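Every value quoted in this text rests on a predicted model; they were computed, and no experiment measured them.
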Amino acid sequence: MATNRKHLTAADREAGDKPAPLIAIASVIGSMALIAIGNGLMFAYIPVRLGVEGFDPIWAGLIVTGLSAGGLAGCILTGPLVRRVGHARAFMVLSALIALSNAAIGAGPHPLLWIAARALYGFAICGLFIVAQSWLNDALPNAIRGRVMAVFYVSYVAGLGVGYATLAIVDIHTAQASLIGIIFTALSILPVGLTRLAQPPAPQAASVALGQAWRISPVGVAGMLAVGGLSMIISGFAPIHATAKGYTQGDVALLLSAMPVGTLILQIPLGWLSDRTDRRLVLIGTAMLAIVASVLAIVFDGGALMVLVVIYLIWDGAAESIYSLSSAHAADRAKKDELLALSSSMLFAWSLAGFVVPGIVTALSVVFGTATFIYVGIVIATLFCLFVLWRVVAAGPVPAADTGSFAPMSAQAPLPVELAFAPDEPQGRTKD
């Protein structure tokens with residue numbers, strides 16, 4: 001009896017059916033890269049436009065907090081949406097919500113409207129990553145999964161960089177940035193709408209079990225909590241602070257567009273090193289690098305732009321590397337039947353910190369100014385570094401034979417809550 005093509009999983013294809021065509025897989029990756037361009041532009045545009053219009057920086061902070069709140073909702077509600085309409089339709093619905101968010105921004109600088117618009121964006125972008133990553137994980141055979149997912153992350157981060165840089169050429173006083181964001185979002189729908197990539201079966205209902213995740217990998221969960229805060233405050237508050245310090249539109253675009261370069265440069269050597277030693281030692285070194293970079297950001301605050309570009313490049317790259325290293329460390333310590341709950345719980349931890357920390361920074365900024373996010377970043381990185389150091393002393397490393405391979409990831413591209421695992425993957429890991 002013939003197998004229904006649309007219900008094939010990666011395991012079915014590896015059992016004898018043809019693998020998904022690469023051009024179909026590329027359609028999902030290409031769609032997310034196109035969305036990233038518009039997303040990067042809007043991240044840079046909003047604080048600069050508010051600054052030009054004379055709004056207090058606190059409004060930009062509230063907008064970042066609203067975005068994070070939307071992301072937390074997306075973490076919880078995307079699964080039911082996909083189970084109801086499928087991956088392709090969910091992808092297009094969520095893309096449409098991003099276009100609507102950008103249209104609201106284009107209506108003019110109305111801070112309350114912009115908070116709601118960015119909350120909608122946060123919900124949609126979190127959902128899009130869940131849909132895209134789970135779709136790719138289902139379609140990819142084991143032999144190429146790691147390489148393709150690395151291309152996925154690199155493509156998205158590169159798209160963000162292009163979007164950041166685009167700020168330098170838009171008219172900040174018009175809705176030009178919003179229109180560009182809408183255009184790239186609309187373009188992103190086309191590859192998915194025309195894809196021949198088979199849709200996965202309805203995902204399982206992934207439960208959030210932070211207690212279980214903590215028992216599996218305390219360092220992994222702590223890493224998600226740390227990077228959820230670090231990633232959101234660096235990407236969200238750096239343009240706010242730079243605008244408040246008087247840097248020009250072009251300066252802010254250069255500063256932001258350089259930050260993804262740090263993600264791409266640092267993850268490869270750190271990942272290579274983590275595959276050959278205790279990942280926790282690499283995490284300690286990475287957290288220390290983030291601390292040093294953030295201290296230098298204070299020392300040279302308001303100084304020469306190119307010096308700050310290098311500092312923020314290293315700071316953002318170190319923070320993003322904590323994300324991928326923590327993910328790999330947690331996967332090393334989980335059994336196969338624990339991975340679903342672990343991934344959903346770590347996504348929730350990342351989203352929760354991404355909501356709470358920007359809210360704290362926004363409140364403190366009212367009293368201490370827009371540089372507050374740098375000091376909060378130092379506290380987060382220091383606490384995480386000390387915690388991992390304690391875990392190294394308290395528990396032994398995972399045996400080398402039980403560790404997986406590192407794959408570059410970005411905190412701007414959150415973990416999916418449901419994954420497709422082929423039956424030939426290892427059945428167990430060693431817990432600490």
Would you mind writing out the side-chain donor-acceptor pairs for residues 90-109 within the sub-3.5 Å range, not counting sequence neighbours?
from: Ser95; atom 1: OG; to: Phe91; atom 2: O; distance (Å): 2.9
from: Ser101; atom 1: OG; to: Ala117; atom 2: O; distance (Å): 2.7

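- Checking side-chain atoms of Ser31 against main-chain N and O of Ser188 turns up a donor-acceptor pair under 3.5 Å.
- Taking 4.5 Å as the limit, every side-chain heavy atom of Gln267 sits out of range of all side-chain heavy atoms of Leu270.
- With a 4.5 Å cut-off on side-chain heavy atoms, Leu50 and Ile63 count as touching.
- For residues 156-167, no pair satisfies salt bridge (charged side-chain N to carboxylate O under 4.0 Å, His left out), with sequence neighbours left out.
- Side-chain atoms of Met232 and Phe237, non-hydrogen and from C-beta on, never get closer than 4.5 Å to each other.
- With a 4.5 Å cut-off on side-chain heavy atoms, Ile311 and Phe300 count as touching.
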Can you give the donor-acceptor pairs under 3.5 Å from side chains of residues 367-382 to other protein atoms, not counting sequence neighbours?
from: Thr370; atom 1: OG1; to: His241; atom 2: ND1; distance (Å): 2.7
from: Thr372; atom 1: OG1; to: Gly369; atom 2: O; distance (Å): 2.6
from: Thr382; atom 1: OG1; to: Ile378; atom 2: O; distance (Å): 2.7

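- Partners of Val310 by side chain to side chain contact (heavy atoms under 4.5 Å, CB included), not counting sequence neighbours, listed by chain and number: Ile314.
- Under the side-chain hydrogen bond (donor to acceptor under 3.5 Å, both in side chains) criterion, Thr277 pairs with no residue at all, not counting sequence neighbours.
- In this structure, Tyr121 and Met42 have side chains that are not in contact, with every pair of non-hydrogen atoms separated by 4.5 Å or more.
- For Trp114, there are no ring pair (Phe, Tyr, Trp, His ring centres under 6.0 Å) partners two or more places apart in sequence or in a different chain.
- Screening Val357, Ile360, Ile240, Val64 against Ile233 for a side-chain contact (heavy atoms from CB on, under 4.5 Å) leaves a single residue, Val357.
- With a 4.5 Å cut-off on side-chain heavy atoms, Ile172 and Gln249 count as touching.
- In this structure, Thr243 and Tyr247 have side chains that are not in contact, with every pair of non-hydrogen atoms separated by 4.5 Å or more.
- Counting only distance, with no hydrogens or angles, the side chain of Arg280 and the backbone of Arg391 share a donor-acceptor pair below 3.5 Å.
- The side-chain hydrogen bond (donor to acceptor under 3.5 Å, both in side chains) pairs that include a residue from residues 50-76 are Arg49-Glu53, Thr65-Thr362, where partners are two or more places apart or lie in different chains.
- Taking both residues in full, the closest heavy atoms of Val157 and Pro260 are given as CG1-CB, 3.4 Å, listed atom of the first, atom of the second, then distance.
- In this structure a side-chain-to-backbone donor-acceptor pair under 3.5 Å is present from Gln176 to Asp171.
- The side chain to side chain contact (heavy atoms under 4.5 Å, CB included) test applied to Leu254 returns Ser257, Leu305, Met306, Val309, not counting sequence neighbours.
- Every residue meeting the ring pair (Phe, Tyr, Trp, His ring centres under 6.0 Å) condition with Phe387, not counting sequence neighbours, appears here in chain and number order: Trp214, Trp390.
- Phe123 places none of its side-chain heavy atoms less than 4.5 Å from the side chain of Arg118.
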Ignoring hydrogens and angles, write down the donor-acceptor pairs under 3.5 Å from the side chains of residues 288-298, residues two or more places apart or on other chains.
from: Ser294; atom 1: OG; to: Ala290; atom 2: O; distance (Å): 2.9
from: Ser294; atom 1: OG; to: Ile291; atom 2: O; distance (Å): 2.8

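- Heavy-atom minimum distance, His173 versus Val52: CE1-CG1, 3.2 Å.
- Among all heavy-atom pairs drawn from Leu167 and Tyr45, the shortest one is CD1-CA, 3.8 Å.
- Scanning all heavy atoms of the two residues, the minimum distance from Ala287 to Cys385 falls at CB-CB, 3.7 Å.
- The two atoms that bring Phe384 and Ser326 nearest to each other are CZ-OG, 4.1 Å, heavy atoms only.
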